[in-house]
Amino acid sequence: EAEVAQSPRYKITEKSQAVAFWCDPISGHATLYWYRQILGQGPELLVQFQDESVVDDSQLPKDRFSAERLKGVDSTLKIQPAELGDSAMYLCASSLGARYTDTQYFGPGTRLTVL
Amino acid sequence: AQTVTQSQPEMSVQEAETVTLSCTYDTSESDYYLFWYKQPPSRQMILVIRQEAYKQQNATENRFSVNFQKAAKSFSLKISDSQLGDAAMYFCAYSLPNFGNEKLTFGTGTRLTIIP
C-alpha cells in the first residue's frame, strides 16, 4: 500500500540553526499539505500546495519558514533560524486533489526538538 | 473562523465494550465535512470515518459510527466492541468543500486507552 514518506523521523538542533524536512507524497497525488502539531494539540496547517503552486500559506511564519515543491512531486520545508518554540511534530499529508473532498493521507511525521 | 472542540482529553474503555468520543464545532457554513482521525503511538494518522454535512444519515464504518447532530453542531464517534488496536489519539476535524479551503481544522484530541 502506497504511503507518504517523510525524513528524517527525528531531528534535534540548537536554536538559530537551519533545519529541513522532506516529504514524498503518494504517487499521483496533486495536493500536498504541511501541518505542525505541537505536543498536546491537534495539527495546524502551515502550507498547502496544488502541484507546484502554493494554495494557502497564511499560517506559515514566512520570516523563518519556507516551503517548496519545485516539480510538483516531493516537497521540502525549511526553518532558518530555528527557535525553541518550533519544537513540534511536522506532518506531511497528500491527497489526489481531483475533488476537494479527497481523503488526506498522512506521513509518519518529523519530530523536531530545538535546544 | 471555524473551531473544533474535544472536551475529553482522555477516555478509557474495557475491551469489547462500547465507547463514545465527543466533538463539537463552530461554523457559519451550511456545507462542510467532518472527520475522525486516529493517531496510534509513533504511527501515522489515518482516517477513521467521514461525514458530509448535507447527508442526514450517520456514517458507519464497521465498528465505528458517528452521531451527527447538525443543529447542535455535534459530531460524536462511537466505537463498538473495542479492541486493543483501537488505543490511540483520536482527532475530530472539519473542512470546507471548496478549492483552497480543504485544509483540516483539528480539535485537541482524545487519548483512548483500552483496558484488557
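All values derive from a computational prediction rather than experimental measurement. Atom set for the values below is all heavy atoms of this structure, side chains included, hydrogens, waters and symmetry mates excluded. The chains referred to below are lettered A, B, ... by the order of the sequence lines, with proteins before strands, and numbering in each begins at 1.
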More than 12 non-hydrogen atoms from neighbouring residues, nucleotides or ligands closer than 6.0 Å to [atom1] on [X], yes or no?
{"X": "B:I115", "atom1": "CD1", "result": "yes"}
{"X": "B:Q83", "atom1": "CD", "result": "yes"}
{"X": "A:Q41", "atom1": "CD", "result": "yes"}
{"X": "A:L39", "atom1": "CG", "result": "no"}

| said: Less than 4.5 Å to any heavy atom of chain B: does that hold for the side chain of A:Y35, its backbone, both, or neither? | reply: side chain
| Quick one: OG1 on A:T103 to OH on B:Y37, what's the gap to the nearest 0.5 Å? |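 Output value for this atom pair is 6.0 Å.
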| request: Report the distance from atom CD of A:Q37 to atom CE of B:M45, rounding to the nearest 0.5 Å. | output: 5.0 Å
| field | Atom group of B:Q39 that falls short of 4.5 Å from chain A, counting heavy atoms | value | side chain
With hydrophobic residues grouped by side-chain heavy-atom distances under 4.5 Å, do [X] and [Y] end up in a single group?
{"X": "B:F91", "Y": "A:Y33", "answer": "yes"}
{"X": "B:V48", "Y": "B:F68", "answer": "yes"}
{"X": "B:I46", "Y": "B:L34", "answer": "no"}
{"X": "A:V19", "Y": "A:M89", "answer": "no"}
{"X": "A:I26", "Y": "A:W22", "answer": "no"}

| Going by residue number, which parts of residues 106-115 of chain A are within reach of chain B, meaning a heavy-atom gap below 4.5 Å? |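 Within residues 106-115 of chain A, near chain B: A:F106, A:G107, A:P108.
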| query | Yes or no on side chain to side chain donor-acceptor pair (under 3.5 Å) for A:Q6 and B:Q44, after CA distance, side-chain angles and deciding distance? | reply | CA-CA 11 Å; A:Q6 289 188 249; B:Q44 56 256 56; over 6 Å; no
| query | What closest approach, in Å, do A:G42 and B:F106 show between heavy atoms, and which atom pair accounts for it? | reply | CA-CB, 4.1 Å
